[in-house]
Colleague: 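What follows is a structure written as structure tokens; I'll ask about it next.
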Amino acid sequence: MDGMERVRNPSRRTGHSSIGRSLSRSSWSMEEVFSGSKHSRRSSRVDEDEEALKWAAIEKLPTYDRLRTSIMQSFVDHEIVGNKVEHRAVDVTKLDMNDRQKFIDMLFKVAEEDNERFLKKFRNRIDKVGIRLPTVEVRFDHLTIEADCYIGSRALPSLPNAARNIFESILGMVGIKLAKTTNLTILKDVSGVIKPSRMTLLLGPPSSGKTTLLLALAGKLDPSLRVKGEVTYNGYRLNEFVPKKTSAYISQNDVHVGEMTVKETLDFSARCQGIGTRYDLLSELARRERDAGIFPEADVDLFMKATAMEGVESSLFTDYTLKLLGLDICKDIIVGDEMQRGISGGQKKRVTTGEMIVGPTKTLFMDEISTGLDSSTTYQIVKCLQQIVHLTEATILMSLLQPAPETFDLFDDIILLSEGQIVYQGPRQHVVGFFESCGFRCPERKGTADFLQEVTSKKDQEQYWADRSKPYRYITVTEFANKFKRFHVGMRLENELSVPFDKSRGHRAALAFKKYSVSKMELLKACWDKEWLLIKRNSFIYVFKTVQIIIVAIISSTVFLRTELHTRNEQDAAIYVGALLFGMIINMFNGFSELSLMISRLPVFYKQRDLLFHPVWTFTLPTFLLRVPISILESTVWMIVTYYTMGFAPEASRFFKTFLLVFLVQQMAAGIFRLIAGICRTMIIANTGGALTLLLVFLLGGFIIPKGEIPKWWEWAYWISPLTYGYNAFTVNELFAPRWMNKK
């Protein structure tokens, strides 16, 4: 009844100028505008009434269904009025690929312009009902980071040095220190604040400590570094919440699965990162709008509902991110790697960025995201990120090496870092004035960003000296840092940092207190789908392995042909044992391809593990289980071709026991090769260390040297060799058959 009353009384709708009206007006021709076409006006009224009736019907639904149902608008051709806007209620969890693409194309024709327009609508909807978005303020106070470094030839990555490092690290555990190291200060007593709703640019020459600062703020520093000072988010120390889920560090390195497409990569990332607080925001928003009698705009409502649903394999937010980063043109192309041609280097860099911003995290530390991009693409991406920061109150600290002037002007705050010290931190408008107060002026035709990176350099500083009344002298970074503390911006910053952050001002939903924001079963399902996809993409390998084992089985069957073998004495039995041994070794080495496959997957696995995308077991379990059917197929092929052709024991029970043993040997081999890959991590080390491991396993398996001949101090290796148990099982199963019992 309440919904119908709102339809009859449109004045109750504060959002009266609905999207239906604007869309229908956009389809008017010039003649209709100037002639005041009755058909067009009538069409507009009909569209609005139709939309209002749809909203009234949605309002009557139960809360669960209401939060999943929205109105989707589309144009249909009409004989009289031309394009007519059609409104239809849709379940946002069941939008197909075409619906999502049409919606994104209709909403974001020009990425940066339409994105700003859409975000303003989003912000207007939030502000109407008085909801405060969660924000994060990041502070770092007297942060000093140091490292112990080897000097001279001792720092070279040679084999003797590696051996000495291992030996000295063992001694270091008991407090004995032999190596001579020097102390390297990466960051020296830096303090500052990264505020929400402000774009902050981190500038500095190479080796100034930019990456270390970003890693420190994101809580991803190497444990071997010595850290003094503290980093806080909304007043919480890093050990009081989960910083890796609260913020996202976007690396300079592009590490992706080459066989997956751009869209698949972002979809997997979105499934692992979840929706954060989007559903809670939507629930509260819908409740307040219902109480106030407000109908939302259809496009904003559809977008918010579609991006707030958990368990969706392909999210609308992924399509939005692809459009934002200009990746929609290559979304169905594989990322590629050294051996497969895929997207370009600049597009890979954007995929790295999109992989993190597709999640719910609104605190981003972005390290050189413009590498490989042209200035116009960089400007477009930074412009869109600026709109997100200003309108959704996100927190972004971005380092760029040499931004173009128009890109530089998009930032609100600047942090200038040099030799591990902060030279300036504050509003962009005052940075040039600070250096003018120090006697240096930026030339008219010089970009401000280039000037800032060169003015602290001993080689380039003199050309910017402007105070001709005094002779030039080199101003050190420490002097700049001290002068900044006396500059009005520096004094204001110091006063701000002297007052602790009031935790009561912060929204608890802004921080993550759980390691994983998605249920373990959902993460397992996402990893399962990804693994199945990669198996299909690498299907040639598994087909080739099956063909290979068929060929080897046929050759083996002709060598150990049944008609040529006998069961008369021990010499005949030895030939059968040789055939069994050959089959065991062939099936073991059939899993050798797992070594290279696993090594190629490790960089992405370690990256996603460190980003807390998923626990380790959700990666290993699908890797093992999905290869079981393939192993069963290969074992079946081997047994069908070889068992009766070679003339092994004819009893059915022994056939199936041998089948089980072949399958277990294949699983054991795959496990060993994956273990070698995980320990060695590179193909070169795996081929050397792994080969040594296999030689020892074979040597001490009991078939090259009998158990009685193995020295006593090596007997332990005999019992831990998996081939010991495989060899004994194969021979016992065959030679204890009734046909061998009466032989001498």
Side-chain angles (χ1 to χ4, degrees), residues 531 535 538 541-542 544-546 548-550 552-553 556 577-599 601-602 616-617 619-643 648 654-681 683 686-705 707 710 714-735:
E531 193 63 36
I535 286 177
N538 291 315
I541 295 173
Y542 301 103
F544 182 82
K545 279 175 60 184
T546 306
Q548 173 185 275
I549 207 166
I550 290 173
V552 175
S556 304
V577 170
L580 289 169
L581 187 58
F582 177 76
M584 181 178 72
I585 294 172
I586 285 298
N587 280 282
M588 180 169 181
F589 277 101
N590 194 52
F592 192 75
S593 60
E594 292 292 330
L595 186 71
S596 57
L597 280 173
M598 184 57 65
I599 286 176
R601 298 277 302 282
L602 281 178
V616 174
W617 65 269
F619 171 81
T620 55
L621 198 61
T623 302
F624 161 68
L625 291 177
L626 282 170
R627 284 164 175 77
V628 167
I630 299 173
S631 181
I632 291 174
L633 173 64
E634 292 172 351
S635 302
T636 303
V637 166
W638 174 264
M639 290 297 295
I640 289 174
V641 175
T642 62
Y643 192 83
F648 291 120
R654 297 187 185 276
F655 172 86
F656 287 109
K657 286 177 186 175
T658 306
F659 176 86
L660 177 62
L661 288 172
V662 169
F663 170 74
L664 292 176
V665 164
Q666 288 194 1
Q667 292 303 303
M668 174 271 296
I672 284 182
F673 287 124
R674 289 185 200 125
L675 177 65
I676 292 171
I679 294 173
C680 299
R681 301 192 181 187
M683 280 304 298
N687 286 333
T688 51
L692 176 63
T693 304
L694 290 177
L695 286 173
L696 291 174
V697 166
F698 273 86
L699 181 64
L700 301 168
F703 48 86
I704 296 178
I705 303 175
K707 179 181 178 296
I710 296 176
W714 277 109
E715 276 193 12
W716 61 271
Y718 169 82
W719 291 113
I720 67 170
S721 172
L723 290 188
T724 298
Y725 304 96
Y727 173 65
N728 290 342
F730 275 113
T731 52
V732 166
N733 182 59
E734 171 61 28
L735 298 181

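Note that the structure is a prediction, hence the values are computed from the model and not measured.
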Colleague: Donor-acceptor pair, distance only, cut-off 3.5 Å: does the side chain of Thr693 make one with the backbone of Gly689?
Modeller: yes
Colleague: Whether the side chain of Thr623 engages the backbone of Phe619 through a donor-acceptor N/O pair (distance < 3.5 Å, no angle test) should be reported.
Modeller: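 Present.
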Colleague: Does one side chain, of Asn587 or Ser635, offer a donor that lies under 3.5 Å from an acceptor on the other?
Modeller: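 There is no such pair between these side chains.
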Colleague: Out of curiosity, Leu700 CG to Trp714 CH2, how far, rounded to the nearest 0.5 Å?
Modeller: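 One finds 6.5 Å between CG of Leu700 and CH2 of Trp714.
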Colleague: Distance-only, no hydrogens or angles: does the Asn590 side chain make a donor-acceptor pair with backbone N or O of Ile586 under 3.5 Å?
Modeller: no
Colleague: Tell me, do Arg681 and Ile599 make a side-chain contact under 4.5 Å, heavy atoms counted?
Modeller: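 No, every pair of side-chain atoms sits at 4.5 Å or beyond.
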Colleague: Within the distance-only criterion (no hydrogens, no angle test), does the side chain of Thr546 pair as donor or acceptor with the backbone N or O of Glu634 below 3.5 angstrom?
Modeller: no
Colleague: I'd like to check the side-chain contact (heavy atoms from CB on, under 4.5 Å) partners of Ile541; sequence neighbours left out, ordered by chain and number.
Modeller: Asn538, Lys545, Ser593, Leu597
Colleague: I would like to know whether Arg674 and Arg601 meet side-chain contact (heavy atoms from CB on, under 4.5 Å); could you show each step before the answer?
Modeller: CA-CA 11 Å; Arg674 289 185 200 125; Arg601 298 277 302 282; over 6 Å; no
Colleague: Can you tell me if Thr642 uses its side chain to pair, donor with acceptor, with the backbone of Ala553 under 3.5 Å?
Modeller: no
Colleague: Just verifying a value: how many Å separate Leu699 CG and Leu694 CG, rounded to the nearest 0.5 Å?
Modeller: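 Taking CG in Leu699 and CG in Leu694, the distance rounds to 12.5 Å.
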Colleague: Taking all non-hydrogen atoms of both residues into account, name the closest pair between Thr731 and Val577 and its distance.
Modeller: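 Nearest heavy atoms, Thr731 then Val577: CG2-CG1, 3.9 Å.
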Colleague: Would you check if the side chain of Ser631 reaches a backbone N or O of Arg627 as a donor-acceptor pair within less than 3.5 Å?
Modeller: no
Colleague: Give the minimum heavy-atom separation between Met683 and Ser596, together with the two atoms involved.
Modeller: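 Minimum heavy-atom separation between Met683 and Ser596: SD-CA, 3.9 Å.
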Colleague: Looking at Tyr643, Phe655, Phe730, which hits ring-ring contact (aromatic ring centres under 6.0 Å, His included) with Phe648?
Modeller: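 That would be Tyr643; it is the only one of Tyr643, Phe655, Phe730 passing the ring-ring contact (aromatic ring centres under 6.0 Å, His included) with Phe648.
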Colleague: Once rounded to the nearest 0.5 Å, what's the spacing between atom CG of Asn728 and atom CG of Asn733?
Modeller: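 The distance works out to 12.5 Å.
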Colleague: With heavy-atom distances below 4.5 Å as the criterion, would you say the side chains of Leu621 and Glu531 are in contact?
Modeller: no
Colleague: So that I can tick it off, tell me whether Glu734 and Lys657 are bridged by a salt bridge, with the cut-off set at under 4.0 angstrom between side-chain N and carboxylate O.
Modeller: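 No, this pair does not count.
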Colleague: Kindly indicate whether the side chain of Met668, heavy atoms from C-beta on, has any atom under 4.5 Å from the side chain of Leu723.
Modeller: yes
Colleague: Assess the pair Phe703 and Tyr725: is the distance between their ring centroids shorter than 6.0 Å?
Modeller: no
Colleague: For Ser556 and Trp638, which heavy atoms make the closest approach, and how far apart are they?
Modeller: OG-CH2, 3.9 Å
Colleague: Got Val628 and Phe624 here, is their nearest side-chain heavy-atom distance under 4.5 Å?
Modeller: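 Of all side-chain heavy-atom pairs linking Phe624 with Val628, at least one is under 4.5 Å.
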Colleague: How many angstroms lie between atom CD of Gln667 and atom CD1 of Ile632, to the nearest 0.5 angstrom?
Modeller: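 Rounded to the nearest 0.5 Å, the CD-CD1 separation comes out at 8.0 Å.
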Colleague: Would you say Ser721's side chain and Tyr718's backbone share a donor-acceptor pair under 3.5 angstrom?
Modeller: no
Colleague: What's the separation between atom NZ in Lys707 and atom CD1 in Ile710, rounded to the nearest 0.5 Å?
Modeller: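 Taking NZ in Lys707 and CD1 in Ile710, the distance rounds to 7.5 Å.
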Colleague: If you draw a 6.0 Å radius around CZ in Phe698, do more than 12 non-hydrogen atoms from other residues or ligands fall strictly inside?
Modeller: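 Result for CZ/Phe698: enclosed.
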Colleague: Can you tell me how far the CZ atom of Phe673 sits from the CE atom of Met588, to the nearest 0.5 Å?
Modeller: 5.0 Å
